[in-house]
Structures are given as C-alpha cells and as structure tokens.
Amino acid sequence: KLAESRNLAPRMKSLLELPLSFVVIQDRGFHFDMLSSFQALFPIIDPGLASTVAHRLVDVCRCLQVTSPCIRHGSSAACKSVAEQVQAELSLCQRSSQDVQVPCQLLILDRSVDMAATLVHEYTYEAVAYDLLDGGILDIDRNLVSLKGPPARELLLTEADVLWEELKHMHLEGVQRVVDGNIEELRNQNARQQDAAGMTTGDLLDMLRRSPEQRDTMDRLFLHMTLITEIFQKLQEQRLMSGLGMLEQDIACGVDKSGKDVKDTNLQGGLRMALTEMETVLSSETRLRLLMLYFACMANISEVVRTRLIEMAKLEPEDQEVLMAMLRTKLMEVPESQRHRHGSGCVHRVTKEQAARFKRNATAGGLELSRFEPRLKELIEQLTQDRLNNEDFATLGGSDVIDNSLRGTGAMGCAPPGAPTLPDADTWSFSGWKPGSHEKAGWLEAGSHESTSSATQRVVVFVIGGITHSELRVASEVMQALPRGTEILVGGTALLTPRRLIRALKPQGVRLDSLAHSDPADLT
C-alpha cells in the first residue's frame with residue numbers, strides 16, 4: 001500500500017520495518033509485556049505460549065543482526081523448548097556474505113534461577129521507588145509521578161532526566177546526599193536574592209520555578225526530593241529500616257551482617273517472631289512477601305513447618321490465594337537435578353559463589369541492608385569468563401569442538417550443520433542502515449555497521465517469567481567491568497516488581513488463550 005501511494009513513494013529515501021513485539025527499557029534491557037502469562041508459564045509452559053516467547057526473542061536477535069548465537073539454556077523443559085524453537089527459527093535467516101556478525105552468546109533461563117530477587121527489598125533508587133511507591137504517587141506502568149500542588153502536575157521519569165540517569169542505580173542514601181547537595185548549591189547561588197539563605201527548601205524551589213529558564217530544573221529537583229521523602233516514609237512504615245529489613249537480608253543471603261552463615265533454626269525463629277509480634281503492624285502483603293521469600297530461599301522445608309508458618313502469617317484471603325498460586329508454579333522448589341546438592345535437612349539454597357559474595361558485601365563495611373545481590377550477576381560473570389556450569393546450563397546443539405568462550409562463539413555459532421535456509425528471509429534487519437544524524441544511537445541500532453564495528457562481543461540473557469530492576473542494574477555493573485566493546489543485554493517476558501508479581505499471581509491474572517493465540521507482534 002505504501003508503494004502504491006503516488007505522493008508518498010517519490011518522497012521516501014528508505015524504508016525500515018521494525019518488529020514491535022518487545023519493549024525496550026533503558027539502554028540495555030527489553031521485555032515482552034507478558035505479565036499476565038506468568039501462571040501459564042509454570043510449572044509446564046503451554047506450547048503455544050512457548051512459540052510466542054520464542055518468536056519474540058527471535059525478533060530481538062534479528063534486530064541485533066544475530067542469526068547464529070551460541071545458545072545455552074537452564075535445565076527446565078521451558079528453557080530447552082524456547083531455546084530449540086529460537087534456534088530453529090534463526091536457522092531460517094540467511095545473512096549476506098558481506099555481513100560480519102558480532103560474537104554472541106544467548107543464555108535462556110527461567111525465574112526459578114533466583115526468586116529471591118523478585119521479592120527482597122532493593123535499596124537502590126530506581127528499584128526501591130518502583131517497589132514502594134507503586135500505587136501511590138508513582139504509576140509504574142506509565143513511569144508517571146503525580147506531584148501535589150500548587151500547582152498539581154505529573155512528571156515522567158525518563159532518560160531525558162539527567163539527574164535520574166545519574167542517580168537511579170545509586171543507593172538511596174547516596175541519592176539523598178546528591179539531591180541535598182544540589183539544593184544547597186542552589187541556595188548558595190541565590191543567597192543574595194530575597195535572603196535565600198534563610199528560606200525553606202520548598203520556598204526556594206518555588207521561587208526559582210517562577211523563572212522560565214529555571215522551571216524545568218526546579219521541577220526535576222522537586223520531583224526527586226518528593227520521591228526520596230516518600231520512599232523514606234514507606235521504609236519507616238514497613239519497619240524496613242529496623243529489624244524487618246535485617247531479617248529479609250538474612251533470609252535472602254543465608255549470611256548475617258557479620259558475614260557468618262545463619263542457621264535455619266535462627267531464620268525460622270526470626271520469621272515466626274515477625275509474623276506474630278508484628279502481626280498488627282505489618283500488612284498482609286508484607287507478611288506474604290516474607291513467607292514467599294523464605295520458601296524460595298530454603299530447601300527441604302517440611303510440610304509441617306510450611307503449614308505452620310502459613311497459619312501463623314494469617315494472610316488475607318486474597319493473599320492466601322496468591323501464595324497457593326505461587327506454590328503451584330513450583331518455582332520455589334529445588335529442581336530435581338539439583339536436589340542431591342542440598343542433602344535431606346532444611347538448608348539455604350545459596351550457591352558457594354553467592355555465599356562468598358554475600359560475605360564480602362557484609363564484611364566490606366558497606367550497608368547492612370544491601371548484602372543481597374541478584375544471582376544474574378554471578379551467571380553473567382561466569383558466562384563471560386567461560387566458567388558457566390555445563391550441567392546446569394547446557395549448550396544447545398553443542399559439542400566438545402565448539403568454543404564456548406566469547407572469543408569463539410560468534411564465528412562458529414551453535415546451529416547444527418546443514419540447517420535449512422531461506423534466501424532473503426530477513427526483510428527488516430538493520431543491515432546497511434546508518435544512524436545518520438542521530439546524536440545517540442539506542443541499543444536497537446546495534447545492528448548497524450557503525451555499531452557492529454564498535455561491539456566486539458555480545459551477551460544476551462533472557463529470563464522466562466520476567467526480570468527485575470535490580471537485575472538490570474547488576475548487568476550494567478558487570479558490563480562496565482568488562483573490556484570495551486562487550487555488550488550485555490538483559491530481557492524477560494515481563495518487567496517485574498514485587499507488587500507486579502503478586503498481581504500476576506491473582507486469579508484474574510491468567511489470560512492464556514489471549515496470549516498464546518494472539519498476534520505475537522501486537523502489544524496493544
């Protein structure tokens with residue numbers, strides 16, 4: 001239809017078709033906006049849903065001009081099924097002999113790899129804001145903050161906000177120091193105007209906001225000051241700055257603030273005390289999160305203990321249904337292939353490498369409530385260093401002759417020899433397209449020759465079930481520590497916060513028919 005237009009065709013210099021089957025977040029993240037499919041993904045993924053997930057992941061790969069990645073996957077049937085379908089669909093894509101692919105590894109996991117990351121409170125700015133302020137002044141679906149007046153207004157949290165980009169991965173205490181420092185600097189700069197040194201912070205910002213050239217800057221500063229105030233208020237209300245936050249970290253890490261292993265009896269004792277003595281203080285949702293966190297972090301919990309803890313929690317009926325739905329997914333159970341590692345008694349599921357990292361965090365003189373780190377950081381580091389366990393994360397179609405390190409994956413790939421190809425099957429990749437006048441090319445432009453020449457190796461980690469803000473942060477941290485030219489992209493079926501996860505586990509959250517059989521490119 002576009003070609004038939006007499007007026008349009010002569011005016012077009014080029015046409016680029018993009019798949020709209022995924023959502024880009026930040027500069028190195030993506031998700032499929034499939035939150036309502038969570039219960040349908042586990043414990044056994046629906047075949048139609050697996051095909052939808054695989055097709056969208058192929059769209060991501062083709063946008064990156066990746067058609068022969070080395071694919072590795074978790075031990076679950078869902079991971080293997082999606083990996084095989086991605087490999088089969090990518091094998092139909094034929095690249096021009098002039099196109100040089102960046103070495104790429106694709107790791108496909110499911111949410112069972114680290115349920116704790118979806119439940120524990122994270123105290124970096126972005127993660128804690130999207131966790132605690134969801135449903136309050138922050139609309140996390142639209143990234144919109146509602147500020148009280150006068151005048152009342154709404155502001156977006158976007159990458160265009162320089163201060164947000166600077167602060168979002170910082171710990172909350174550091175963020176407060178930076179914002180307070182910026183306000184003090186403004187106070188000093190305007191000390192001669194209307195005795196600014198003696199004005200309150202709110203009055204100072206109001207005064208400067210009346211100046212047209214200062215209005216946007218002041219709005220942004222007021223936005224972050226409001227967010228920080230609201231976050232600290234929520235932390236106090238939920239008792240996270242005192243004993244509850246410490247108990248959470250002990251459960252998530254299996255390591256106390258002194259760097260010593262915590263016994264299961266001590267964890268159970270602390271949990272029982274929180275559920276009984278703070279029953280009237282903690283909301284049902286908070287008690288639900290504590291229970292789910294404990295069940296996700298501990299192996300071999302007896303049915304007697306599990307039942308007793310659930311009874312002690314006295315959850316609201318709706319939250320009780322959420323807990324039962326979570327148990328039905330079996331994401332909090334130890335996979336059959338790993339049960340021999342945990343013996344028969346009730347023990348923490350933390351890996352040796354995780355435990356060592358948590359102990360370093362505890363004894364490094366840092367913040368006591370930030371001992372926990374998502375396991376994704378450990379897995380990405382192992383993958384880039386060619387140390388990832390082949391037993392737990394097999395290479396699809398691989399053999400001993402394949403080099404699984406980043407230096408060799410792009411050239412060899414993992415597709416089986418003789419895979420069928422279709423000529424000119426790729427009708428919309430970025431081959432030959434140049435950003436032109438774009439000042440800053442986004443990650444979707446990574447397929448252009450300019451971006452390809454700057455990227456020397458690429459790692460894509462995809463999580464069936466969804467990813468968290470803390471996992472986006474640690475992926476960014478790992479990438480900064482790697483040699484220049486290494487790109488790390490993290491994606492999932494959804495972008496999760498604790499409250500979003502709980503919402504997805506409610507009965508009305510399942511819409512399997514509409515997701516598995518709908519157009520995979522339609523996100524409306």
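Numbers here simply count residues along the sequence, with the first being 1. For the numbers below, each heavy atom of this structure counts, side chains included, while hydrogens, waters and symmetry mates do not.
Ion pair Arg111/Glu471 flagged as a salt bridge, since at least one NZ, NE, NH1 or NH2 atom sits closer than 4.0 Å to an Asp/Glu carboxylate oxygen. Contact check on Glu373 versus Arg357 returns a salt bridge, with a Lys/Arg side-chain nitrogen under 4.0 Å from an Asp/Glu carboxylate oxygen. Salt-bridge formation is not detected for the pair Arg473/Glu126: no Lys NZ or Arg NE/NH1/NH2 atom is positioned less than 4.0 Å from an Asp or Glu carboxylate oxygen. Under the 4.0 Å criterion applied to side-chain N and carboxylate O atoms, Lys506 and Glu321 are not assigned as salt-bridge partners. A salt bridge is defined here as a Lys NZ or Arg NE, NH1 or NH2 lying under 4.0 Å from an Asp or Glu carboxylate O, and Arg500 with Asp141 meets this definition.
Atom CG of Leu144 sits in a crowded spot, with more than 12 heavy atoms from other residues, nucleotides or ligands closer than 6.0 Å.
Looking at Cys61 and Val460, their side chains never come closer than 4.5 Å, going by heavy atoms from C-beta outward. Contact annotation: the side chain of Leu309 never approaches that of Ile301 to less than 4.5 Å [non-hydrogen atoms, C-beta and beyond]. At least one side-chain heavy atom of Leu505 sits less than 4.5 Å from a side-chain heavy atom of Phe38. Side-chain contact between Asp250 and Leu267 is present, with at least one heavy-atom pair separated by less than 4.5 Å. Side chains of Gln382 and Leu107 form no contact here, defined as non-hydrogen atoms less than 4.5 Å apart. Put simply, the side chain of Ser75 does not reach to within 4.5 Å of the side chain of Asp392, judged on heavy atoms. A 4.5 Å side-chain heavy-atom check between Ile108 and Leu396 finds every atom pair outside the cut-off. Residues Phe295 and Ile310 meet the side-chain proximity criterion, which asks for heavy atoms closer than 4.5 Å.
Not one N or O on the side chain of Gln85 forms a donor-acceptor pair closer than 3.5 Å with the backbone of His55. A side-chain donor-acceptor contact under 3.5 Å links Arg72 to the backbone of Leu388. With hydrogens and angles disregarded, no donor-acceptor distance shorter than 3.5 Å links the side chain of Ser470 to the backbone of Glu122. Checking side-chain atoms of Ser51 against main-chain N and O of Pro47 turns up a donor-acceptor pair under 3.5 Å. Arg371 places no side-chain N or O within donor-acceptor distance of the main-chain N or O of Cys253, the cut-off being under 3.5 Å. Side chain of Ser81 to backbone of Ala78: no donor-acceptor contact under 3.5 angstrom is found. Under a 3.5 Å cut-off, the side chain of Ser37 and the backbone N or O of Ala40 do not form any donor-acceptor pair.
The distance from atom NE2 of His171 to atom CG of Leu369, rounded to the nearest 0.5 Å, is 7.0 Å. Between atom CZ of residue Arg62 and atom OG1 of residue Thr67 there is a gap of 9.5 Å, rounded to the nearest 0.5 Å. Between atom OG1 of residue Thr52 and atom CG of residue Leu57 there is a gap of 12.5 Å, rounded to the nearest 0.5 Å. The line from CZ of Phe22 to OG1 of Thr493 is 15.0 Å long, rounded to the nearest 0.5 Å. In this structure, CZ on Arg289 lies 4.5 Å from CG on Asp131, to the nearest 0.5 angstrom. Between the CG atom of Leu288 and the CG atom of Asp319 there is a distance of 5.0 Å, given to the nearest 0.5 Å.
The one candidate from Glu381, Glu378, Glu353 that meets the salt bridge (charged side-chain N to carboxylate O under 4.0 Å, His left out) condition with Arg387 is Glu353. Of the listed residues (Glu477, Glu487, Glu159), just one forms a salt bridge (charged side-chain N to carboxylate O under 4.0 Å, His left out) with Arg28, and that residue is Glu487. Checking Ile488, Thr486, Val66 one by one against Arg458, the side chain to side chain contact (heavy atoms under 4.5 Å, CB included) holds for a single residue, Val66.
In this structure, a donor-acceptor pair under 3.5 Å is absent between the side chains of Glu285 and Ser283. For His121 and Glu248, the side-chain atoms include at least one donor-acceptor pair closer than 3.5 Å. For the residue pair Ser91/Gln87, the side-chain donor-acceptor check at 3.5 Å is not satisfied.
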Exercise for the section: Applying side chain to side chain contact (heavy atoms under 4.5 Å, CB included), run through Val461 and Leu379 and close with a yes or a no. Expected result: CA-CA 9 Å; Val461 180; Leu379 296 179; over 6 Å; no
Exercise for the section: Please test His469 against Ile25 for side chain to side chain contact (heavy atoms under 4.5 Å, CB included), starting from the C-alpha separation and ending with a verdict. Expected result: CA-CA 10 Å; His469 289 94; Ile25 44 177; over 6 Å; no
Exercise for the section: Apply the test side chain to side chain contact (heavy atoms under 4.5 Å, CB included) to residues Leu109 and Leu376: give CA-CA distance (whole Å), side-chain angles for both, the deciding distance (0.1 Å), then the verdict. Expected result: CA-CA 10 Å; Leu109 309 168; Leu376 206 64; 3.7 Å; yes
Handout entry: Residue pair Met34, Leu49: steps toward the side chain to side chain contact (heavy atoms under 4.5 Å, CB included) verdict
Key = CA-CA 10 Å; Met34 296 171 67; Leu49 200 55; 3.6 Å; yes
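Gly465 and Leu496 get closest at one heavy-atom pair: O-CD1, 3.4 Å. The nearest pair of heavy atoms linking Val490 to Ala475 is CG2-CB, 3.3 Å. Smallest separation of non-hydrogen atoms from Leu119 and Pro498: O-CG, 4.4 Å. Among all heavy-atom pairs drawn from Thr456 and Arg484, the shortest one is OG1-O, 3.9 Å. For Arg56 against Ser21, the heavy-atom pair with the smallest separation is CD-O, 3.3 Å. Pairing each heavy atom of Ala504 with each of Gln39, the nearest pair is O-NE2, 3.1 Å.
Using the six-membered ring where Trp is involved, Phe462 and Phe30 have ring planes that are parallel, under 30° apart on the 30 and 60° scheme.
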